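In this text the structure is predicted, and so the values were computed from the model without any measurement. Order of listing sets the numbers, starting from 1, for every ligand and every atom in it. Because only heavy atoms are used, hydrogens play no part in the values below, and waters and symmetry mates are left out as well, while side chains stay in.
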Amino acid sequence: MPSDFTIQSTLHAGIIMDGNGRWAVARGRPRTAGHRAGAETVTRVVEAAPDLGIGVLTLFAFSSDNWRRSPEEVGSLMALMAEYMERETARSVENGVRVQAIGRRDRLDPGLREAIARTEAATAGGTRLWLRLAVDYSGRDAILRAARSLLDPSRESVEAALGPPVDLLIRTGGERRLSDFLLWECAYAELVFSRRMWPDFDAADLAGAVREFRGRERRFGAAPPEPVRAVAGWLD
Ligand code: FPP
């Protein structure tokens, strides 16, 4: 967490926003229409997150492996992200949302790079929600970069270079894999998989995932407390 960042809530949720393409194809529309609808879901989810106790939200917008998609699809995703930055900056400032991109920037087109820089600068004072958009992002590469930047890497220094640990990891679209997203940060994340395609995901779904998270017992490798062990021990 940046040293100057005071958040009102501490839950870090990461979301793999999957299912845009299938959502569109099921409606006889091009995959790019699914991404456009998915960008609208981003706006809804960002709006809902703080009231659910989410202080940090990391969204997987474009994986470093997504460059393998058609130039048309890649172009449309890049344009949607630039559009999002332009459209949402004023609202983010108003709502106390600090927007930051994580991932490589050197392969993004200059227009998007500049849009990101403008939004980051304009929203830097936000303390209600820290929104991290993973763009040209690979968890493995992020770990490598962090380790290479440190003389004597330790758990603490790598964590400081990468960002806060994820508490709740949500993946929509019915698949159940991490796809190179926040690999280190998800070491003890609670995983929630939703069958909902991302364009259909809404505030109620997010609230449901947070509810499920709150009902989980997080032990971080420790043994359960005595009374629980006595009752449920034979189940382990
Ligand atoms: C995965 O669905 C989704 C993506 C690769 C892109 C996610 C992008 C957005 C939600 C919109 C742009 C982002 C912002 C921040 C404005 P998929 O296409 O792999 O779906 P499929 O598995 O059904 O094919």
Side-chain angles (χ1 to χ4, degrees), residues 13-49 54 56-92 95 97-105 107-109 111-120 122-123 126 129-139 169-182 193-203 205-206 209:
I15 308 185
I16 301 177
M17 311 182 285
D18 196 13
N20 293 346
R22 279 167 287 160
W23 181 91
V25 169
R27 286 160 181 74
R29 296 164 66 188
R31 294 175 56 80
T32 50
H35 296 315
R36 179 159 290 282
E40 286 165 23
T41 304
V42 170
T43 302
R44 287 199 299 271
V45 162
V46 168
E47 181 119 4
I54 296 172
V56 186
L57 179 64
T58 307
L59 301 178
F60 206 0
F62 190 86
S63 147
S64 295
D65 292 320
N66 289 153
W67 292 112
R68 296 158 64 194
R69 298 189 177 197
S70 72
E72 189 205 0
E73 187 169 344
V74 169
S76 130
L77 282 166
M78 295 294 155
L80 279 171
M81 284 182 280
E83 224 176 86
Y84 180 87
M85 301 287 163
E86 305 295 353
R87 191 181 66 229
E88 296 297 326
T89 298
R91 198 203 311 240
S92 301
N95 293 341
V97 178
R98 174 185 189 155
V99 184
Q100 188 190 14
I102 59 168
R104 282 179 67 163
R105 300 201 185 187
R107 299 190 289 195
L108 304 180
D109 56 65
L112 176 55
R113 260 203 313 267
E114 283 155 25
I116 289 172
R118 276 196 301 274
T119 302
E120 286 180 334
T123 63
L129 177 71
W130 180 16
L131 173 63
R132 306 190 323 149
L133 299 174
V135 182
D136 196 359
Y137 174 87
S138 150
L169 189 277
I170 302 168
R171 181 173 187 140
T172 61
E175 307 285 359
R176 294 168 176 236
R177 55 177 170 265
L178 284 179
S179 300
D180 205 10
F181 186 51
L182 302 175
F193 298 105
S194 164
R195 296 168 76 91
R196 194 90 76 195
M197 299 296 140
W198 178 250
D200 289 331
F201 195 80
D202 60 18
D205 296 316
L206 183 64

Rounded distance [0.5 Å steps], CG in Asp136 versus CE in Met78: 6.5 Å
Rounded distance [0.5 Å steps], CG in Leu108 versus CD1 in Ile116: 5.5 Å
Cation over ring face, Arg132 and Trp130, 6.0 Å, 45°: yes
List below, pair by pair, the N or O atoms of ligand 1 and of the protein that are less than 3.5 Å apart, including the distance to 0.1 Å; reply 'none' if no pair qualifies.
from, atom 1, to, atom 2, distance (Å)
ligand 1, 2 (O), Asp18, OD1, 3.4
ligand 1, 2 (O), Gly19, N, 3.4
ligand 1, 18 (O), Arg31, NH2, 2.9
ligand 1, 18 (O), Arg69, NH1, 2.9
ligand 1, 19 (O), Asp18, OD1, 3.4
ligand 1, 19 (O), Arg69, NH1, 3.3
ligand 1, 19 (O), Arg69, NH2, 2.8
ligand 1, 20 (O), Asp18, OD1, 3.4
ligand 1, 20 (O), Gly19, N, 3.3
ligand 1, 20 (O), Asn20, N, 3.3
ligand 1, 20 (O), Gly21, N, 3.1
ligand 1, 22 (O), Asp18, OD1, 2.9
ligand 1, 22 (O), Arg22, NE, 3.4
ligand 1, 22 (O), Arg22, NH2, 3.1
ligand 1, 23 (O), Gly21, N, 3.4
ligand 1, 23 (O), Arg22, N, 2.7
ligand 1, 23 (O), Arg22, NE, 2.8
ligand 1, 24 (O), Arg31, NH1, 3.0
ligand 1, 24 (O), Arg31, NH2, 3.1

Test log, rule side-chain hydrogen bond (donor to acceptor under 3.5 Å, both in side chains), inputs Thr172 and Asp18: CA-CA 5 Å; Thr172 61; Asp18 196 13; over 6 Å; no
Under 3.5 Å donor-acceptor, Arg171 side chain and Arg177 backbone: yes
Set of residues satisfying ring pair (Phe, Tyr, Trp, His ring centres under 6.0 Å) with respect to Trp23, sequence neighbours excluded: none
